[in-house]
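Taking it in order: structure first as structure tokens, then the write-up.
Because the structure is a prediction, the values reported are computed rather than measured.
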Amino acid sequence: MTQVRNAVLVHGGFVDGSGWEGVYRLLTQDGFNVRIVQNPTVSLEDDVAVTRRVLDQQDGPTILVGHSYGGAVITQAGNHDKVAGLVYVTAFAPDDGESVATLIADPPPGVPVPPILPPQDGFLFLDREKFATSFAADVPTQLAAFMADAQVPWGLDALNGAVTKAAWRSKPSWYLVATDDRMIPPLAQRAMSERAGATVTETPGSHSVYVSNPAAVAGLITQAARAALTEGAIA
């Protein structure tokens with residue numbers, strides 16, 4: 001086997017797995033076996049368990065992909081023995097003991113602050129009126145409005161869930177930086193990807209680059225699939 005043919009895609013907070021449809025179509029057209037994880041986003045522990053169940057179903061080496069908070073999920077779930085490589089799509093890449101909450105605790109001066117509303121019964125939402133500008137600035141207007149109105153509650157236990165063993169320390173990783181992201185500052189993306197030793201690609205795009213530019217995301221996943229077995233053997 002010279003290339004991984006399985007990919008598992010993990011969504012982030014405030015959204016569900018349907019945003020991966022464009023990436024899914026491109027990868028399956030290229031012969032990949034693709035599965036979409038539908039995380040409840042109530043707690044990191046539960047989302048990792050849900051992701052691991054999907055990984056259990058794969059028939060061989062798999063590229064595990066995470067967007068945004070999904071990066072925290074794959075950082076923990078990526079220790080699964082079927083994971084050959086990790087792909088972070090404008091995503092959080094915590095180290096041992098870190099959570100999304102700790103990574104966003106001290107934003108650099110002058111960077112955009114995500115319009116997260118105060119918690120409601122232990123869950124978070126983005127301000128609907130500011131959703132498009134912050135989360136989906138390059139997504140068609142009607143779709144961005146639908147995403148805002150279809151928000152999935154993001155649990156505080158997901159935000160605060162800490163990684164216990166960062167898979168990027170033992171698995172090869174790739175990172176797509178979206179240079180116009182107003183949710184995770186590109187500076188923070190570059191710092192996390194450098195720390196993880198990831199192979200980095202940068203592209204113009206909002207936080208929803210996986211929706212607006214699925215070709216860039218599918219291209220990086222394909223790159224990872226071609227290199228993961230070799231790099232994993234070296235690692």
Side-chain angles (χ1 to χ4, degrees), residues 1-13 15-39 51 54-55 57-75 77-78 80 82-93 135-140 143-144 147 167-168 171-181 183-184 186 189-190 192-193 196 198-232:
M1 182 183 297
T2 58
Q3 177 173 330
V4 178
R5 301 308 302 174
N6 299 320
V8 170
L9 314 182
V10 182
H11 65 83
V15 295
D16 65 13
S18 62
W20 289 114
E21 182 178 1
V23 175
Y24 171 90
R25 289 181 182 277
L26 291 173
L27 291 176
T28 54
Q29 287 170 9
D30 199 31
F32 281 88
N33 304 308
V34 184
R35 296 295 180 270
I36 313 297
V37 178
Q38 291 286 10
N39 282 324
T51 302
V54 176
L55 290 167
Q57 298 169 10
Q58 304 312 299
D59 62 2
T62 301
I63 298 297
L64 184 60
V65 184
H67 168 254
S68 192
Y69 158 72
V73 178
I74 72 168
T75 297
H80 194 288
K82 288 184 180 177
V83 175
L86 307 164
V87 174
Y88 293 87
V89 180
T90 184
F92 293 103
F135 199 99
D138 56 354
V139 172
L143 178 55
M147 292 169 67
W168 52 257
K171 307 283 179 83
S173 61
W174 287 259
Y175 198 108
L176 182 68
V177 174
T179 60
D180 304 312
D181 195 329
M183 292 290 294
I184 304 177
Q189 296 180 47
R190 295 182 185 111
M192 289 185 289
S193 59
T199 300
V200 178
T201 297
E202 298 202 8
T203 188
S206 74
H207 194 59
S208 293
V209 66
Y210 71 114
V211 177
S212 62
N213 191 356
V217 177
L220 185 60
I221 295 169
T222 300
Q223 177 184 336
R226 290 172 177 163
L229 294 181
T230 300
E231 293 198 20

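- Side chain of H11 to backbone of N39: a donor-acceptor contact under 3.5 angstrom is found.
- Heavy-atom minimum distance, A167 versus G78: CB-C, 3.4 Å.
- Between E202 and R190, the closest side-chain pair of non-hydrogen atoms falls below 4.5 Å.
- Taking both residues in full, the closest heavy atoms of I184 and M192 are given as CG2-CE, 4.1 Å, listed atom of the first, atom of the second, then distance.
- Residues S173 and Y88 are in side-chain contact: their nearest non-hydrogen atoms beyond the backbone lie under 4.5 Å apart.
- Although no hydrogens or angles enter the test, the distance criterion places a donor-acceptor pair under 3.5 Å between the side chain of Q38 and the main chain of G17.
- Relative ring orientation between H207 and H67 is described as tilted, the plane-to-plane angle lying within the 30° to 60° band.
- Under the 4.5 Å side-chain criterion, counting only non-hydrogen atoms from C-beta, S68 is not in contact with M183.
- Annotation: F32, atom CZ; neighbour count of heavy atoms from other residues, nucleotides and ligands within 6.0 Å is above 12.
- Using a 4.5 Å heavy-atom cutoff, the side chains of T203 and N213 are in contact.
- For L55 against K82, the heavy-atom pair with the smallest separation is O-CD, 3.3 Å.
- Proximity of a side-chain donor or acceptor of T62 to a complementary backbone N or O of L64 within less than 3.5 Å is not detected.
- Shortest non-hydrogen contact noted between T28 and R25 is OG1-O, 3.1 Å.
- Using a 4.5 Å heavy-atom cutoff, the side chains of T222 and L27 are in contact.
- A donor-acceptor distance shorter than 3.5 angstrom exists from the side chain of Y175 to the backbone of A91, with no hydrogens or angles considered.
- The shortest heavy-atom contact between A228 and I63 is CB-CD1, 3.8 Å.
- Summarising the geometry of L229 relative to P61, their closest heavy-atom pair is CD2-CB, 4.0 Å, with the distance given to 0.1 Å.
- Each of V37, V34, V65, V15 was checked for a side-chain contact (heavy atoms from CB on, under 4.5 Å) with W20, and the lone residue meeting it is V65.
- The distance from the CG atom of D181 to the CZ atom of F135 is 9.0 Å, given to the nearest 0.5 Å.
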